[in-house]
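This report refers to the structure that appears directly beneath it.
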Amino acid sequence: GSKSLSKALKSSEIIKDKGILILLKKPLIARIKSQFAPIVGYILTSFNVIKNYLIIRTHIRNNNHIPKGITFVDTFLLEDSFKENTFFDRYLPHYEKHLSDKEKSLIYYVPTFHKIKNYRSIINKISLSSHNFIIKELFLKLDDILLSLLFPIITLGFTLNANTFLGFNIQPLLRRSVFKNLSSKGQIIAYQNFHFAKRLKKKKIKIRLIIDWFENQVIDKGFNLGFRSFYPEVKHRGYQVVLDNLFYMCYYPTYEEFKAKVLPKEIFVSGKAFKSKVKEYCKEVKVNLAPAFRYQHVWNEQNLFPNSEKNTVLITLPYFKDELLHILKTVENLLKSTEFRLFNYWIKPHPVHSKNDIKKIFGNPWPKEFECVDDNLGELLDQSSLVICNNSTVLLEIITKGTPVIIIGNKTSMAQFSLPTLVDESTWKICFNAEELKNEMRFFLNLSPNLKRKLITAGKIAKLSLFEKETRSLTRQFFMLE
């Protein structure tokens with residue numbers, strides 16, 4: 001139960017008129033925990049931010065020889081971003097083959113560290129890399145870091161103008177939301193991003209082009225406002241990968257954001273189908289097309305195929321622990337039937353989770369039928385008879401392959417998945433429990449040849465709109481090189 005939700009419901013005249021009684025049932029310990037969890041989280045986050053800042057400042061040397069006319073590429077660094085000390089760009093892969101050595105030497109990655117357990121190790125890999133990196137922490141002063149940690153506390157005093165919605169007083173819900181986000185690292189990074197742009201300007205760093213990995217989250221807003229404030233003359237592009245999930249509201253720019261200059265000057269999408277979607281709440285934003293860099297494998301000729309003697313089920317896991325656990329437990333329930341124990345089950349973790357992470361989240365015993373895999377997703381899809389997943393852009397990749405997909409939803413929350421209306425409904429099913437999953441798996445694994453051809457045809461049609469093919473010309477236009 002939620003005290004703030006209870007207050008909001010009790011404020012409605014409709015509730016009062018109908019004599020509906022609102023009761024809040026929440027154990028005392030749970031109530032105490034919900035009050036102190038954000039505070040404890042804030043203290044721990046603050047400690048880690050300062051610790052990691054000091055580690056970075058101590059173990060990596062600042063680059064004082066940054067040339068003029070560089071291109072800034074916003075990115076994230078994860079534990080597995082380096083393969084044998086070679087940087088692997090999971091966000092904008094492959095583009096370098098279309099650039100000259102001189103042009104590549106002027107590309108500078110600006111990373112946000114995400115889920116890093118060993119900062120010293122990742123810093124060492126950055127130092128040994130042949131790619132150029134500009135580390136924000138080397139430009140930010142300790143004052144900037146400390147002020148960024150104060151920012152979440154300052155937001156507690158913000159005046160919230162929205163009071164009612166459909167007759168309900170939503171102030172308690174908004175206040176509770178702000179308090180719960182006290183330990184949110186996102187707003188801390190957003191503040192740092194803004195001041196990072198200011199510090200670069202003071203250092204007189206000359207930038208030719210800024211590319212933001214744009215999901216329109218709070219960290220993007222700090223990044224974009226900073227560079228639009230201190231580098232207003234520089235070309236500033238946001239790159240947005242395919243997505244069509246109306247529940248992921250931040251993905252869709254609004255006119256208020258446009259006016260506040262927290263958006264890039266121009267947004268590039270990786271599929272024709274999404275150009276109009278970006279403008280849904282803001283007609284003024286400029287939208288163009290760029291290659292779907294990280295999804296080029298959908299255009300590759302298929303040279304791997306499913307095992308004809310044994311069905312292989314690929315399970316691609318989401319980021320959130322509760323969602324991935326729900327998927328794995330639902331599939332585990334299938335194994336009670338001999339029929340479903342005869343399949344291969346490949347478990348593909350989300351990039352932020354290791355195989356050990358997944359096994360730890362699942363707990364013991366780990367089913368012997370489950371095999372964690374870290375192969376290339378495109379190759380795994382080619383060898384799969386069926387894919388099980390939930391809300392992810394992986395859904396779109398699967399559809400273009402002509403591989404049937406089953407989405408596992410959860411009845412305790414809204415079913416969210418990224419499937420545009422142009423995707424043929426015959427290519428996917430949604431279920432909520434093991435019994436429904438059994439039925440849908442039997443349906444897809446016993447498709448007639450005609451239905452299989454229909455899936456492949458639907459995938460080819462969808463691919464043309466969902467994933468823009470990478471070409472030298474389009475890539476160089478995106479990087480403003482022609």
- Short N-O contact, E339 and K438, less than 4.0 angstrom: no
- Query: Between CD of E371 and CG of L314, what distance do you get to the nearest 0.5 Å?
  - Reply: 11.0 Å
- Pairwise side-chain contact, L200 with F72, heavy-atom cut-off 4.5 Å (strictly under): yes
- Item | Separation between CD1 of I207 and NZ of K235, rounded to the nearest 0.5 Å | 15.0 Å
- Does I107 offer a backbone N or O that forms a donor-acceptor pair with the side chain of N132 under 3.5 Å? yes
- Task: Could you tell me whether a side-chain N or O of R57 sits under 3.5 Å from a main-chain N or O of L138, the two making a donor and an acceptor?
- Result: yes
- Item | H236 backbone acceptor or donor facing R228 side chain under 3.5 Å | no
- How far does OG of S473 sit from CD of E482, to the nearest 0.5 angstrom? 4.5 Å
- Task: Using the six-membered ring wherever Trp is involved, compare the ring planes of F478 and Y239 and label them parallel, tilted or perpendicular (cut-offs 30° and 60°).
- Result: tilted
- Query: Are any side-chain N or O atoms of E436 and backbone N or O atoms of F432, one a donor and one an acceptor, separated by less than 3.5 Å?
  - Reply: yes
- Matching residue for L466 among T400, V298, I461 - test: side-chain contact (heavy atoms from CB on, under 4.5 Å): T400
- Task: Check whether any side-chain N or O of N124 sits under 3.5 Å from a backbone N or O of S121 as a donor-acceptor pair, and report yes or no.
- Result: no
- Ring centres of F133 and Y109 under 6.0 Å apart? yes
- Message: Could you go through L325 and F362, starting from their C-alpha distance and side-chain angles, then the distance that decides it, and tell me whether this counts as side-chain contact (heavy atoms from CB on, under 4.5 Å)?
- Response: CA-CA 6 Å; L325 183 60; F362 184 85; 4.3 Å; yes
- Query: Between the main-chain N or O of A292 and the side-chain N or O of Q296, is there a donor-acceptor pair closer than 3.5 Å?
  - Reply: yes
- Item | E257 with K221: basic N within carboxylate O range, under 4.0 Å | yes
- Query: Quick check: does any side chain N or O of N376 sit under 3.5 Å from a backbone N or O of E379, one acting as donor and the other as acceptor?
  - Reply: yes
- Task: Just say parallel, tilted or perpendicular for the rings of H131 and F87, cut-offs at 30° and 60°.
- Result: perpendicular
- Item | Exam field: side chain R294 to backbone Y91, donor-acceptor pair closer than 3.5 Å | no
- Task: Look at the side chain of T330 and the backbone N and O of N433, then say whether any donor-acceptor pair between them is shorter than 3.5 Å.
- Result: no
- Minimum heavy-atom distance between L380 and D375, given as atom pair plus value: CD1-O, 3.6 Å
- Between atom CZ of F194 and atom CG of N224, what is the distance when rounded to the nearest 0.5 Å? 12.0 Å
- Does a side-chain N-to-carboxylate-O contact under 4.0 Å join E96 and K104? no
- Item | Considering all heavy atoms, the nearest A290-E468 contact | O-CB, 3.5 Å
- Query: Aromatic rings F343 and Y345: how do their planes relate, parallel, tilted or perpendicular, breaks at 30° and 60°?
  - Reply: tilted
- Should the pair F293 and Y95 be assigned to parallel (<30°), tilted (30 to 60°) or perpendicular (>60°) ring geometry? perpendicular
- Item | Six-ring centre of Y252, K277 cation under 6.0 angstrom, axis tolerance 45° | no
- Heavy-atom closest pair (P318 atom, H353 atom, distance to 0.1 Å) is O-CD2, 4.1 Å
- Query: CG of N193 to CZ of F227: how many Å apart, nearest 0.5 Å?
  - Reply: 7.5 Å
- Message: So does L140 get a backbone contact from the side chain of R199, meaning a donor-acceptor N/O pair under 3.5 Å?
- Response: no
- Query: How about S148 and Y53: do any of their side-chain heavy atoms sit closer than 4.5 Å?
  - Reply: no
- Message: With heavy-atom distances below 4.5 Å as the criterion, would you say the side chains of I327 and I388 are in contact?
- Response: yes
- Ion pair check, D357 and K360, cut-off under 4.0 Å: no
- Query: Could you give the distance from CG (L386) to NZ (K429), rounded to the nearest 0.5 Å?
  - Reply: 12.5 Å
- May I ask you to decide if the ring planes of H114 and F76 are parallel, tilted or perpendicular, using 30° and 60° as cut-offs? perpendicular
- Query: Should we count CD of E301 as having more than 12 external heavy atoms under 6.0 Å?
  - Reply: no
- Task: Please indicate whether K265 has more than 12 foreign heavy atoms, meaning atoms of other residues, nucleotides or ligands, lying under 6.0 Å from its NZ.
- Result: yes
- Would you indicate whether K321, at its atom NZ, is surrounded by more than 12 heavy atoms from other residues, nucleotides or ligands within a distance under 6.0 Å? no
- Taking every heavy atom of G69 against every heavy atom of L106, the minimum-distance pair comes out as O-CD1, 4.0 Å
- Do F139 and K203 come close enough that some side-chain heavy atom pair is under 4.5 Å? yes
- Do other residues, nucleotides or ligands put more than 12 heavy atoms under 6.0 Å from K261 NZ? no
- Query: Closest approach of L474 and L289, non-hydrogen atoms and distance?
  - Reply: CD1-O, 3.8 Å
